[in-house]
There are 2 protein chains.
Amino acid sequence: MALEHAILVSLLEQPGSGYELARRFERSIGYFWAATHQQIYRVLKRMESDGWIDARAVAQQARPDKKEYSVAAAGRDALSRWLDEPIEPESVRHELAVKIRGAAFGDPAALIREVERYREAHTERLTRYLAGERRDFPPVETAGAPDAGRELQHVVLRGGIAYERMTLAWLDDVLATLHRLASRA
Amino acid sequence: MALEHAILVSLLEQPGSGYELARRFERSIGYFWAATHQQIYRVLKRMESDGWIDARAVAQQARPDKKEYSVAAAGRDALSRWLDEPIEPESVRHELAVKIRGAAFGDPAALIREVERYREAHTERLTRYLAGERRDFPPVETAGAPDAGRELQHVVLRGGIAYERMTLAWLDDVLATLHRLASRA
DNA sequence: TCAAGCATGTAACCAGTTACATGATTGC
DNA sequence: GCAATCATGTAACTGGTTACATGCTTGA
């Protein structure tokens, strides 16, 4: 389990409300750890009662009040302990791969449109990542040496970019294979 | 949810017992859909009572009897219906990325050993995939044109290989970044 | 005799998903 | 007047993980 820890990291980078966290999980941190607002509110409540985070009511003009959370000492400790734990190999869930193998017992040609849609979604993601990179990580000459936090954020983003590029290349391979099978039949 | 469907695909490729399926989920199909034997037995029971699969008791010499499952007509239908459903974008869970960003609030140098262990696990996986490719997908000249099922299995395996190569390259990037930060501090 | 492999399961728990619910303000 | 954004939640369900449990055979 790591949602708690993803939230701790996000709140250390910047304190915020449950709502704000939910939006960050739609971008940025959500690129490598997805979570819905329901899940976030539930976990925030637990983390608060465990003393990992502190809540502070913030009044806003022309908007509902929000509860701004920040990381407490116990939360920092919990994060440190978690960072020291060995990394377990992640368990894979790749639905598209199951469908591709399943297509042998259905109609391979029918998958083509779906794969194309899927490919478009990944193209979009890559575009978004690259825009984020240009925006948040300008070349060193203009910006000077970045701090550790930024360097680490950048290397994670580069991982996302590499993943999307690899995926797009593979999807082209998949499409070529499906076309070949469709024309053969 | 796709465990049911992954099992259907696996049983269509080759009927087998729960135990055999569990072993396939440790190799082959498990490379892109992980499942433990507990989960598999539970789902098999449900699938049998839903009429998706048929069970047949098989006596074996010097071994406990096994229940061999094969896909029933209703199971084939269920698979077809599922293949026609649109593919939802997968939700990501990348624990290592969370840890890397978390390292900004701990000791980046301490992560190096963990990332190295992680890298080794992926090297091993790549080796396994490549061995599987050599074994199961010999060059066309020697084997003749493969059927659709094999072609599809091969393109999925190529995806796994591409993923592992991309991951290894990224982990080198991560390690270089962590070393740079460690030497700077 | 002891570990490894074959074979099948139950029970309790935890995490994630889906659906539902409320209420305010701003801009079109 | 209506959609969008801000803001926070509950409840029911489903799926996945962990721990526990049994018993047989073969080969070192």
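Proteins come first, then strands; the chains are lettered A, B, ... in the order of their sequence lines, and each starts at number 1.
The phosphate of dC6(C) has neither OP1 nor OP2 within less than 4.0 Å of any side-chain N or O from Ser17(B). Between dT5(D) and Arg23(A), no contact under 4.0 Å exists linking OP1 or OP2 to a side-chain N or O. OP1 or OP2 of dT8(D) lies within a sub-4.0 Å distance of a side-chain N or O belonging to Tyr41(A). Phosphate proximity of dA15(C) to Gln39(A): absent, as no side-chain N or O sits under 4.0 Å from OP1 or OP2. The side chain of Arg42(B) places no N or O atom within less than 4.0 Å of a non-bridging phosphate oxygen (OP1 or OP2) of dA11(C). Proximity of Tyr19(A) to the phosphate of dC6(D): a side-chain N or O atom is located under 4.0 Å from OP1 or OP2. Taking 4.0 angstrom as the limit, Gln60(B) places a side-chain polar atom (N or O) nearer than this to OP1 or OP2 of dA7(C).
For Arg93(B) and Glu68(B), each mapped to the nucleotide of DNA chain C holding its nearest heavy atom, the one lying further toward the 5' end belongs to Glu68(B). Nucleotides of DNA chain D nearest to Lys45(A) and Asp65(A) differ in position, and the one nearer the 5' end is that of Asp65(A).
Residue Trp33(B) places its side chain closer to dG16(D) than to any other of dA19(C), dG16(D), dA7(D). Here dT17(D) is the nucleotide among dC20(C), dC6(C), dT17(D) with the atom lying nearest to any side-chain atom of Ser91(A). Among the nucleotides dT17(D), dA7(D), dT17(C), the one closest to any side-chain atom of Glu20(A) is dA7(D).
If you check distances only, the side chain of Arg46(B) never reaches the base of dT14(D) with a donor-acceptor pair under 3.5 Å.
Screening Tyr163(B), Tyr31(B), Phe137(B) for a ring pair (Phe, Tyr, Trp, His ring centres under 6.0 Å) with Tyr129(B), the sole residue that qualifies is Tyr31(B).
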Can you give each donor-acceptor pair under 3.5 Å made by side-chain atoms of residues 9-25 of chain A, sequence neighbours left out, with the distance rounded to 0.1 Å?
residue	atom	partner	partner atom	Å
Ser10(A)	OG	Arg24(A)	NH1	3.0
Glu13(A)	OE1	Arg101(B)	NH2	2.7
Glu13(A)	OE2	Gln153(A)	NE2	3.4
Glu13(A)	OE2	Arg101(B)	NE	3.1
Ser17(A)	OG	Tyr19(A)	N	3.4
Ser17(A)	OG	Glu20(A)	N	3.1
Glu20(A)	OE1	Ser17(A)	N	2.9
Glu20(A)	OE2	Lys66(A)	NZ	2.9
Arg24(A)	NH1	Ser10(A)	O	2.9
Arg24(A)	NH1	Gln14(A)	O	2.8
Arg24(A)	NH2	Gln14(A)	O	3.0
Arg24(A)	NH2	Pro15(A)	O	3.3

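Distance, Leu44(A) CG to dA15(C) P: 15 Å, rounded to whole Å.
Using a 4.0 Å cut-off between charged nitrogen and carboxylate oxygen, Glu151(B) and Arg180(A) count as a salt-bridge pair.
For Asp172(A), the salt bridge (Lys or Arg N to Asp or Glu O under 4.0 Å) partners two or more places apart in sequence, or in a different chain, are Arg119(A).
Sparse packing is recorded around CD of Glu124(A), with 12 or fewer heavy atoms of other residues, nucleotides or ligands lying under 6.0 Å away.
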